[in-house]
Amino acid sequence: MAKAPVLTPQADDFPRWYQDLINKAELADNGPVRGTMVIRPYGYGLWERMQQEMDARIKKAGAQNAYFPMFIPQSYLTKEAEHVEGFAPELAVVTHGGGKELDEPIVVRPTSETIINEYFSKWVQSHRDLPLLINQWANVVRWELRPRVFLRTTEFLWQEGHTAHATYEDAHAYASMIHTDVYGDFMTNVLGIDVVLGRKTAKERFAGAINTLTLEGMMGDGKALQMGTSHELGQNFAKAFNTTYQLQGAEREYVWQTSWGVSTRMVGGLIMSHGDDNGLRVPPRLAAVQAVVLAIKGDDAVLAKVREIGAQLEAAGIRVVVDDRTDTPFGRRAVDWELKGVPLRIEVGPRDLENGTAMLARRIPGGKEPVSIDGLAALLPGILDEDQALLLRQSRERREARTVEVKNLDEAVEAAATGWGRISWAELGAEGEAKLAEQGVSVRCIVAADGSVPATDDQEGNVAIVARAY
RNA sequence: CGGGGUGUGGCGCAGUUUGGUAGCGCGUCCGCUUUGGGAGCGGAAGGCCGUCGGUUCGAAUCCGGUCACCCCGACCA
């Protein structure tokens, strides 16, 4: 009789599969407080690699890292009307400190536009102080009503960029550059997720923004996940916090601002984009462990060989781990590495040594074949590149196969049952959007006829992408 | 907040209808044999049954309160 599957198959129950995978691949545990999570070392390793890749791109975009407090005076939140309305329901508020009730309650940041603007208004005086480009890596808290590990947790980790510019055009261009060159590039080329870049509708816009740019990924079950956003804030916060600069002449002008963020939600997106019934599949460029060299048995010749191979691969620039835990049966270890999604396994036993070969198991396309041990260091980089490209291609093929053109609301709802629908935005409009919302279907974003990001919602030929979302 | 559900060793569950002092699988520990796909056999440890109160000779089980968590909706990176 066959053993029970390691994970609940995706086709049986996708949410259950997701939970099983998070547990068995040791990515995270639920925290003791509702909606919180403990990120375990392997899961945190995925986040750390995301941080490294993102941080390099953010710095290349000219932003500098800084850190602002997590405690914000409640009065700050109320300065921007739409912002407070948007976030008030999900705030965690500290009312006591040092055993006494506080004079003014303190809000645990749900996002930092307010406190950062308080300081921007001090730091920005002259046009020479602009643009001001700041990023911070931080935790934020939002009291979500329905938490899900990595996708929507009460506390999550993210980066939030905040910038101030002299003109609308500068701010607009910067938000757009972050959208494509930082986020789009990272998600496509590192995560291997074929995200769609577009604009949010007025309904879906960030509280306090004049424009929200989004990156939407299609998950394995056809639902959409908002992977990141870049906002144009216009002068809304500048007016609320009186952030002005002096032009060449004597007159003062409000700054134009942007904010943008991606979070640990991307870990959830990674799992649901690339995972299969055997576990996670980590794109090689992201993987903290790109290859594991696995000793099948614990005899001295085998152990010496796996260590030697490990050293060679490391010298060749591959991120490698040697698994010589031969007190654990081979099958157990193979399954565990598969669950964790390590792209390549090099399996070495006594039989292989006789032939000068090893078994190379590829997690991403699947399959296993013998390869020459001496040729490994030269062979693997190319294979890692192939597998990186394969994940992106599979992601794109799924999105294309499960996206259909639709003409009316009924067809849109039907399309959203299995994937995404594309419908003319001019025909759908805000009214159609509201009707879709009643059925749990939302407009994920608006794209231009040629697939680019449109400058305005009502540009000729704009298409709304509609779907169910996490 | 509306609707549904569940709290029993680390994890997953049975036992509750018909009160009699707690059991199974996985995991853990020890020993031997194993290691080419989730090991086998033998032995062992581990639970005042979410919590407070009531009924009873006796409560995981019946009654009442309370807390927590999960699932489905509205909100969101």
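Just so we're on the same page: letters track the sequence lines, and every chain starts at 1.
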Heavy-atom donor-acceptor pair, [X] side-chain to [N] base, under 3.5 Å:
X         : N      : value
Arg265(A) : C76(B) : yes
Arg142(A) : C76(B) : no
Lys368(A) : G37(B) : yes
Arg345(A) : G37(B) : yes

Would you mind telling me which of [options] lies closest to the side-chain atoms of [X]?
X         : options                : result
Arg332(A) : C75(B), G27(B), G36(B) : G27(B)
Met359(A) : A77(B), G36(B), G37(B) : G36(B)
Arg152(A) : C76(B), A39(B), U35(B) : C76(B)

Could you check whether [X] gets within reach of a base, just the sugar-phosphate, or nothing at all, counting any heavy atom under 4.0 Å?
X         : result
Asp352(A) : base
Thr153(A) : base
Glu338(A) : base

Smallest separation among heavy atoms of Trp260(A) and Asn135(A), with atom names: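 Smallest heavy-atom distance, with atoms named: CZ3-OD1, 4.0 Å.
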Which atom of Gly269(A) lies closest to which atom of Leu225(A), heavy atoms considered: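 Scanning both residues completely, I find the closest heavy atoms to be CA-CD2, 3.4 Å.
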Nearest-Å distance once atom P is located in both G7(B) and G43(B):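 Each nucleotide's P atom is 32 Å from the other's.
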Could you tell me whether the side-chain ring of Trp158(A) sits stacked on the base of A77(B), using a centroid cut-off under 5.5 Å and a plane angle under 30°?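 No.
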